[in-house]
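A short write-up of the structure that comes next.
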Amino acid sequence: MKRVADYIRKYHLLTIEGKYLVALSGGADSVALLLVLRQLGYQVEAVHCNFHLRGKESDHDEQFCRQLCEKHNVSFHVAHFDTVEYANLHHVSIEMAARELRYHYFGQLAHDIGADGVCVAHHRDDSVETVMLNLIRGTGIDGLRGIQPVNGLIIRPLLCVGRDDVLCYLAEIHQDYVTDSSNLVDDVARNKIRLNILPAMREINPSVSDSIAATSRRLVEVAAILNDVMAEKAKKVLFEKNLQNNSLVTVLKKDLIDSEHLLFYLLSPYGFSPAQIEMIYARLDSPTGTCFESSTHQLLFDRNEILIRKKPELSLEPMRIPESGTYVYAGKMKFRFSFASVEDFHKMPYKEANYACLDAAAISFPLIVRQVAQGDWFIPFGMKGKKLLSDYMTDRKMTLFEKQEQLVLTEAGGNVIWLVNQRPDNRYCVTPSTKRILMIECEMMSD
């Protein structure tokens, strides 16, 4: 207990005046955390998540936690989750679903009761497993630091002790606990490390966990120094800009990326794996149009720049415009359709890109707003010959991102009347014989 008290003081993890939630699963680690913090005089309340993944065993764990809190006069909060349904709905693993549900609830509950943080029972051996897992999967230097004592609201006061220390403490105070049977099966990577790999490593060095933990602590300072250097370099390499369609993208200057580690520093926040980043670095001289994808973002080589954006929706449904009025497309673009007299033409902002003033008599409703399709063509305003939209966009030096997001407006016959926010079709433009004008405005909606 003294080691935990010293660790809390060293890293300024808790204050006697504060109020803290303790994530209580009923396992040895969380039970020890709750009781140690109470003995040290901290104000704590317990929170338990029942994920309903192990039938009666899950309900038994909840009951154990409830009784433990009643015995020690600790306020007890519990949440129930349909974890399987959440995992299926969000297309994530059961393990990831439980994690997302747990931490979202912790944050919400901490806000509701005015807690200063949420204490979780990760200990030294958990941190060692994380280092090993990151090393196996591939990681930068940050991944070799292990689990950190503070991450936002999450606080980890037990990182200074190992699993054996936890069990000894509980034995000394004659406190029982529950065992999650799923932790005893080597069916996930972390369990394989805990049950198979680390025991084999202890045959070589019985103190391997201490050795890995000590190395991780040293790397914390090294990583901080290196990240400061990378942050300074990133200021010269990374910036944001609006594309022609006003969408905001992150931009990297290719010729200023002088190391794979810098690229790792720049791209890892966007979900790109070490293996992907190694491949991207090896192909920095790839031609314009080369693409890579992480689970959340797309990366595009465009001349001497690398563009990064969040993955868009795969496909947007066409929107039917039956008559004049205001319409919102895909929740982000607002279209206004109105009619005006030709006498008012000189007052209209027809030269602005997000406006189109067309001959109403030449256009039949319903109109359709949709994404550009292969084979689409139009006659650009001021020209006589038809042109494929793909060729027109290439001539305009539009990026692949812009081409993928480009919209067109078609009339009832299917002809393109406006390459939205770019150029109208010459066949439908205002002429001296025009009697009535269809005025169209398109604007991006703020988030």
Side-chain angles (χ1 to χ4, degrees), residues 242-249 287-293 297-303 307-337 350 352-429 438-445:
N242 286 307
L243 299 181
Q244 292 183 40
N245 60 2
N246 286 324
S247 60
L248 187 66
V249 295
T288 291
T290 302
C291 286
F292 295 87
E293 288 192 358
H297 285 75
Q298 292 178 325
L299 179 150
L300 171 68
F301 283 19
D302 185 59
R303 300 172 182 82
L307 310 183
I308 305 166
R309 69 169 180 181
K310 284 185 178 179
K311 280 186 175 179
E313 297 180 42
L314 291 179
S315 179
L316 297 174
E317 292 297 319
M319 180 174 68
R320 187 173 182 270
I321 312 295
E323 59 186 4
S324 60
T326 300
Y327 300 82
V328 175
Y329 180 74
K332 62 182 181 180
M333 300 189 78
K334 184 183 292 184
F335 286 86
R336 295 186 183 91
F337 299 85
Y350 56 88
E352 296 183 20
N354 63 318
Y355 283 86
C357 296
L358 306 177
D359 188 336
I363 297 169
S364 300
F365 281 81
L367 310 181
I368 299 292
V369 177
R370 61 169 173 81
Q371 293 175 297
V372 171
Q374 186 175 3
D376 278 343
W377 61 273
F378 75 148
I379 300 177
F381 175 67
M383 296 177 61
K384 295 182 179 179
K386 69 179 186 180
K387 196 174 187 71
L388 287 173
L389 296 188
S390 57
D391 291 341
Y392 179 84
M393 291 188 291
T394 298
D395 292 345
R396 295 275 297 167
K397 294 184 167 48
M398 294 175 67
T399 69
L400 181 61
F401 288 170
E402 291 165 322
K403 292 177 181 179
Q404 290 173 343
E405 294 185 355
Q406 181 61 54
L407 300 178
V408 293
L409 183 66
T410 64
E411 47 83 55
N415 293 324
V416 172
I417 62 176
W418 187 31
L419 185 61
V420 175
N421 289 351
Q422 292 289 332
R423 203 163 184 175
D425 188 295
N426 199 63
R427 293 169 293 174
Y428 302 92
C429 286
L438 172 63
M439 188 169 76
I440 311 165
E441 178 188 1
C442 175
E443 63 176 346
M444 295 293 296
M445 299 173 64

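Residue numbers start at 1 and run along the sequence shown.
Cation-pi geometry between R423 and F381 is not met at under 6.0 angstrom from the ring centre and within 45 degrees of the axis.
A donor-acceptor pair is defined here as one N or O able to donate and one able to accept, closer than 3.5 Å; such a pair exists between the side chain of T288 and the backbone of R303. A donor-acceptor distance shorter than 3.5 angstrom exists from the side chain of D425 to the backbone of I379, with no hydrogens or angles considered. Side-chain atoms of E411 come within 3.5 Å of backbone atoms of G413 as a donor-acceptor pair (strictly under, hydrogens ignored). Distance alone, capped at 3.5 Å, is enough to place a donor-acceptor pair between the Q406 side chain and the V420 backbone. The backbone N or O of L388 lies less than 3.5 Å from no partner atom in the side chain of D391, so there is not a single donor-acceptor pair.
Atom CD of residue E443 and atom NZ of residue K334 lie 5.5 Å apart, to the nearest 0.5 angstrom. Taking SG of C429 as the start and CG of D359 as the end, the distance is 9.0 Å to the nearest 0.5 Å. For the atom pair F401 CZ and L307 CG, the distance stands at 6.0 Å (nearest 0.5 Å). How far SG of C291 is from CG of L400: 5.0 Å, rounded to the nearest 0.5 Å. Atom NZ of residue K386 and atom CZ of residue R427 lie 9.0 Å apart, to the nearest 0.5 angstrom. Rounded to the nearest 0.5 angstrom, Q422 CD and L407 CG are separated by 10.5 Å.
A heavy-atom distance below 4.5 Å is not found between the side chains of L389 and Q374. Looking only at side-chain heavy atoms (C-beta outward), T410 and L367 stay at 4.5 Å or farther from each other. Looking at I417 and L358, their side chains come closer than 4.5 Å, going by heavy atoms from C-beta outward. L409 has its side chain within reach of F337: a pair of non-hydrogen atoms, C-beta onward, lies under 4.5 Å apart. Side-chain contact check for E402 versus M393: every heavy-atom pair is 4.5 Å or farther apart. Contact annotation: the side chain of I321 never approaches that of I368 to less than 4.5 Å [non-hydrogen atoms, C-beta and beyond]. Two residues are said to be in side-chain contact when any heavy atoms from C-beta on lie closer than 4.5 Å; L243 and E405 fail this criterion.
Taking all atoms of both residues into account, the shortest heavy-atom contact from N426 to P380 is CB-O, 3.6 Å. Across all their heavy atoms, W418 and C442 have their closest contact at CH2-CB, 3.9 Å. Between R336 and T326, the closest heavy-atom pair is CG-OG1, 3.7 Å. Taking both residues in full, the closest heavy atoms of P424 and F378 are given as O-CE1, 4.0 Å, listed atom of the first, atom of the second, then distance.
F335 and Y329 have perpendicular rings, their planes meeting at more than 60° on a 0 to 90° scale where under 30° would count as parallel.
Between the side chains of Q404 and R309, a donor-acceptor pair is found at a separation under 3.5 Å. Neither side chain, Y355 nor N421, offers a donor N or O lying under 3.5 Å from an acceptor on the other.
Remark: D302 does not engage K397 in a salt bridge, criterion side-chain N to carboxylate O under 4.0 Å.
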Report task. Check the pair V249 / I308 against side chain to side chain contact (heavy atoms under 4.5 Å, CB included), numbers first and verdict last. Result -> CA-CA 6 Å; V249 295; I308 305 166; over 6 Å; no

Query raised in the report: Hey, mind stepping through D376 and L419 against side chain to side chain contact (heavy atoms under 4.5 Å, CB included) and telling me if it holds?
Result: CA-CA 10 Å; D376 278 343; L419 185 61; over 6 Å; no

